[in-house]
Amino acid sequence: MAGSGTAALRDGDVVLRIEDLVVDYPLDDGQVLRAVDHVSFDVRRGETVSIVGESGCGKSTTARAILQLPPPDGGSVQLDGGEITALSKSGTRAMRQRMQMVFQNPIASLNPRRRVRDIVGEGLAIRSGKRLTDAEKARVDETLDAVGLDPESAGERRPHEFSGGQCQRISIARALVMDPEVLVCDEPVSALDVSVQAQILNLIEDMKDRYALTILFISHDLSVVKNVSDRVVVMYLGKICEIGPVDAVFHSPAHPYTRILIDSMPEVDPDSRAELIPGDVPSPLNPPSGCRFRTRCPRADERCREEAPVIRAFEPDHFVACHHVGVPVSLGPASAQV
Amino acid sequence: MEPTPLLDVVDQTVDLVTGDQTIQPVRSVSFQLRRGETFGIVGESGSGKSMLAKSLMHILPDNARVAAGSSVRYDGRRVDELPSREARHFWGTKMAMVFQDPMTTLNPVRTIGAQMTDPLRYHLKLSRSAARERAADLLARVGLSEPKRRLGQHPHELSGGMRQRVVIAMALSCDPELVIADEPTTALDVTVQRQILDLLADLRAERDLAMVLISHDLGLVSRHTDRVAVMYAGRFVEHAASAAVFAGEGHPYTAALLDSMPRFDAPSHTRLRSIEGRPPDLRALPAGCSFAPRCRYADDRCRQERPRLLPVGPGHDVACHRTEEAAAGAGTVLALGRDDPHELSIEQEVG
């Protein structure tokens, strides 16, 4: 699965184009941990693209590098055709208004000492460098209303007076008030209970229509990803395994890792599962040679050890980085029954 | 005659002092568990499921205690009346617990071996070398490679999945008959989660272990238990065979929870049915049914009179006036009012 290569990049109305993205973390002892290794994908206008994978696969790091938080160590990120990896300070500030983010922990991502109206209006105040105008204040209230909070009663309160789900609504309002083109959601519902999770997922869908958003969604939860996405990117150990329409990828996964992720879901009948090679994800400091998934892959052979696979088309619009694709992936009698 | 249940919990209630108020995070919970049986408890945060587990393990926080009138019998004997010498070797041996987060369960500054041999030496009076031998065997049994070397390692040297295996090995170390697992896989990745659940299932079969599996994840619990109770605001609101609970035709809260779960077999962008509002404040519970303010079937009776947990079918108890009325009449109110969850499913090809 060492999926490098740019075969999955498309033409058309592409809002975000990420090519050969690399993120390195230097460690104290002089080693370098490559968290994201030549990742390429794109997001079309109005699309929701999700990145899914287990912890340490680089999905959040990829999202942050796209937002230049911090800028990546290699590769290119284009927003509406303009390169954003080497912008000046003011250019970065202008770019950030067009790409807003919602974080995983709704309570920790809000300043506990500020009132909700100030939290939501802060981006507008920073943009103008002045106090909010009446029109901007009206926009704050309108956005609070749009996410389902009453501006009059909620606006003057502070985050600790709200539940996790309501704090996530505030975070979404804070992002939307800037009228962004792209909303990046990093595990926005992982910290929420299932009943509240449904409210927030529905809200994100509603806001996408109302504000004409393009969404990059990060999650480890396949069911959540299935619900919100048009397209999905599956990552493992810093590289892409598979990219394609979410229904196609989850219905007929091309990559063995995608199949194993699906079969690991607790809902799937334990008797109808594909075989997983036991063990944990290897250390990203010392990734396996060749395909990074080979140490856990039931189909790995000599070629996988020696040669890193490159992403290529598996069927139209559906791309995979695996030497063994071409033969349809059937690792066992498994199917994604729930 | 029915054999004596391994665990018999009757009217378990926990009082928790917060500030100047006493609230009850667990209210009149009753259930029985037979040897070898797996019982699931499902609920959202604040429902009282973890507090219930802690009360059974006698590890409640300082500001909480089991209320008078509660009783827990283990193999027919009240656990709060065990002679102190016996009690000392009861929790952690006969009844053991697996916690959610292996990083906080394990002591970060002691080796795995030191932590594993403590209970073996204290409870089973093993010698140092015999305890190490047994600890290594246990680590091998839960699937850790190089068990001898692991004994000398510290928790931070192991991955999350390996740490949870150590925690499970520790829970099994004194041959318990009952294991309480509180969100044992929530902190783990999905492929590792599956390995841990498979391990627990194997161990259960191998040792005829009874298990209480606590989770917020209905899908997980329904797959891995014989019976399930659904908890809401401190009470069991439904209690039945796992498949019956998962069918969603019992309590409206269970049905609403099932409806609000994104389904992997539904097409993308399927609108989710969320439950409006949020769980009640335990300091100010509604007079009638705790779920009534969020329930779309609630009527005046629900708002005034608290429903009791009553049978609506064989081995299926539900605390809901409306379900009970419907069961007494014909069919279920939920089956009529609720979308069939299966109508969304798409055919999955067999690989």
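Because only heavy atoms are used, hydrogens play no part in the values below, and waters and symmetry mates are left out as well, while side chains stay in.
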Open item on the list: Just so I understand: if I count every heavy-atom pair under 4.5 Å between each of A:N202, A:V194, A:V224 and chain B, which residue has the most?
Closed with: A:N202
- [ ] Tell me, out of B:M162, B:E276, B:E44, who's got the most heavy-atom pairs with chain A below 4.5 Å.
- [x] B:E44
Task: Region of A:S55 in contact with chain B, defined by heavy-atom distances below 4.5 Å - done: both
Task: A:H220-A:E54 side chain donor-acceptor pair, cut-off 3.5 Å - done: no
Task: Side chain / backbone / both / neither for A:V246 at chain B, heavy atoms under 4.5 Å - done: side chain
Open item on the list: Check for me whether A:K226 meets the cation-pi criterion with B:F264, that is, NZ or CZ under 6.0 Å from the six-membered ring centre and within 45 degrees of the ring axis.
Closed with: yes
TODO: Kindly indicate whether a cation-pi arrangement holds for B:R294 with B:Y253, taking the cut-offs as under 6.0 Å to the six-membered ring centre and within 45° of the axis.
DONE: no
Task: Top contributor to chain B contacts, counting heavy-atom pairs under 4.5 Å, from A:I200, A:L201, A:D230, A:V196 - done: A:D230
Open item on the list: Check whether A:S283 reaches the backbone of A:L285 with its side chain - one donor and one acceptor, N or O, closer than 3.5 Å.
Closed with: yes
Task: Polar contact flag, side-chain donor to acceptor under 3.5 angstrom, A:E205-B:H269 - done: yes
Task: Contact leader toward chain A among B:G161, B:S159, B:S45, where contacts are heavy-atom pairs under 4.5 Å - done: B:S45
